[in-house]
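This is a predicted model, so every value here is computed, not measured. Both backbone and side-chain heavy atoms feed into the values below; hydrogens, waters and symmetry mates do not. Just so it is clear: chains get the letters A, B, ... in the order the sequence lines come, proteins before strands, and each one is counted from 1.
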Protein chains: 2
Amino acid sequence: MSNLPTRLDRCCPKRSESWLARGALRPTRQRMSLAMLLIGDGHDRHVTAETLFSAVQETGEKVSLATVYNTLRAFCDAGLMQEVTVDGARSYFDTNITDHPHYYWEESGTLTDAPADQLAITQLPEPPAGMAISAVDVIIRLRKKPN
Amino acid sequence: MSNLPTRLDRCCPKRSESWLARGALRPTRQRMSLAMLLIGDGHDRHVTAETLFSAVQETGEKVSLATVYNTLRAFCDAGLMQEVTVDGARSYFDTNITDHPHYYWEESGTLTDAPADQLAITQLPEPPAGMAISAVDVIIRLRKKPN
DNA sequence: GTATATGCAAACCGTTTGCATGGCT
DNA sequence: AGCCATGCAAACGGTTTGCATATAC
């Protein structure tokens with residue numbers, strides 16, 4: 001579902017450590033556990049606090065839910081992840097910090113990357129006077145094909 | 001801020017009544033009050049439950065907050081409005097039910113329509129196998145221009 | 001040693017719901 | 001009469017916070 005690793009020993013501590021360093025975050029045990037799940041294998045991930053909490057529990061590591069929340073926020077503040085709003089009910093966090101579209105699978109509440117190179121926005125509305133565009137969020141909502 | 005009328009007598013009851021009828025909703029006092037604020041002057045509106053609640057209080061009408069929530073949901077279920085998710089913290093409701101992009105004013109948390117004719121998406125990612133696109137949400141986030 | 005991170009439980013906040021009352025048709 | 005809408009307050013669920021303890025540098 002969230003497609004996260006189930007074992008930390010398949011992840012790369014070095015990559016996680018330098019990732020944390022890039023955000024000027026101390027490599028504590030909890031942060032390392034979460035970071036290894038998120039980027040340890042070099043793949044991009046989309047998680048909610050709950051899916052990440054479940055995943056880290058499965059590895060046997062002990063991290064409290066509050067720390068998962070606080071850590072995800074810290075990762076965002078440090079510019080290592082970005083928050084994606086699709087659902088209202090919960091927050092999604094994305095390790096891919098480039099500007100790119102998302103698929104939102106309505107049936108399962110899952111968020112995945114959509115291929116950025118297959119999206120072409122050739123014209124964008126002018127920002128109103130005195131305003132600048134800080135981001136353009138594109139969410140492609142998916143449902144099961146009718147038949 | 002939410003730009004809603006402050007007086008109901010400037011609104012058009014007839015338009016509101018037929019709008020409710022279109023959704024097969026009975027024209028109760030509370031629904032009429034809310035509908036007149038939302039579409040009584042023929043303009044499209046973007047509200048949260050709270051902004052609409054405040055607005056209806058200012059007119060002197062008595063409608064409970066729970067009813068505002070329930071009514072907005074009823075309007076959406078009836079296809080008269082659509083919910084827009086931008087913020088996570090709260091839900092926005094839009095009287096414009098066509099597919100169109102939005103400006104989200106980060107500073108004030110306000111949502112407005114962006115001119116649909118100035119947005120051109122010439123290529124969209126293929127939906128994954130077995131999936132169909134149910135909607136494409138485009139949110140243009142605005143911040144104050146740097147200088 | 002000092003600043004920062006963690007864990008727990010309680011607080012928080014927007015939203016929904018259960019249930020009794022009131023209004024349409 | 002019967003169905004539907006409303007209001008209140010309590011429940012809810014995801015998220016944040018206060019504070020005591022533990023850890024990194």
Pick the closest DNA chain D nucleotide for B:Ala24 and for B:Ala66 by heavy atoms, then say which residue is nearer the 5' end.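 Looking at the nearest nucleotide for each, B:Ala24 comes out on the 5' side.
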Find the distance [X]:[atom1] to [N]:[atom2] and express it as a whole number of Å.
X       : N      : atom1 : atom2 : answer
A:Arg90 : D:dT16 : CZ    : P     : 15 Å
A:Asn70 : D:dC19 : CG    : C1'   : 13 Å
B:Leu65 : C:dG14 : CG    : P     : 10 Å
A:Asp87 : D:dG13 : CG    : C1'   : 12 Å
B:Lys62 : C:dG23 : NZ    : C1'   : 15 Å
B:Tyr92 : C:dT15 : OH    : C1'   : 15 Å
A:Glu61 : C:dG7  : CD    : P     : 10 Å
A:Asp77 : D:dT16 : CG    : P     : 10 Å

Other residues, nucleotides, ligands: >12 heavy atoms within 6.0 Å of A:Glu126 CD: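 No.
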How about CD on A:Gln123, more than 12 heavy atoms from neighbouring residues, nucleotides or ligands closer than 6.0 Å, or not?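 Correct, the count exceeds 12.
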Hey, is the side chain of B:Tyr69 poking within less than 4.0 Å of OP1 or OP2 on C:dT15, counting only N and O atoms?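 Indeed, a polar side-chain atom of B:Tyr69 lies that close.
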Under 4.0 angstrom between A:Thr67 side-chain N/O and C:dG7 OP1 or OP2: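 Result: yes.
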Would you tell me whether [X] and [Y] have side-chain atoms, one donor and one acceptor, within less than 3.5 Å of each other?
X        : Y        : value
B:Asp137 : A:Tyr104 : no
A:Thr67  : A:Ser64  : yes
B:Asn3   : B:His46  : no

NZ/NE/NH1/NH2 to OD/OE distance under 4.0 Å, B:Glu106 and B:Lys144: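 Salt bridge flag = no for B:Lys144 with B:Glu106.
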For a quick check of understanding: with a heavy-atom distance under 4.0 Å over all strands, which category does B:Ala89 fall into, base, sugar-phosphate or nothing?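 Result for B:Ala89 = sugar-phosphate.
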The side chain of B:Thr71 lies closest to which of these nucleotides: D:dT6, C:dT16, C:dC8?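 Nearest to the side-chain atoms of B:Thr71, counting from C-beta on, is D:dT6.
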What's the closest nucleotide to the A:Arg73 side chain, out of D:dT16, D:dT6, D:dC8?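 Closest of the options to the side chain of A:Arg73: D:dT16.
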Cluster companions of A:Ile97 among Ile, Leu, Val, Met, Phe, Trp, Tyr (side-chain spacing under 4.5 Å):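 Members besides A:Ile97: none; it forms no cluster.
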Reading DNA chain C from 5' onward, which residue's closest nucleotide shows up sooner: B:Arg26 or B:Ser91?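 Result of the comparison: B:Ser91.
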Positions of residues 27-35 of chain A (non-hydrogen atom under 4.0 Å from DNA chain C), listed by number: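 Here the set is A:Thr28, A:Arg29, A:Gln30, A:Arg31.
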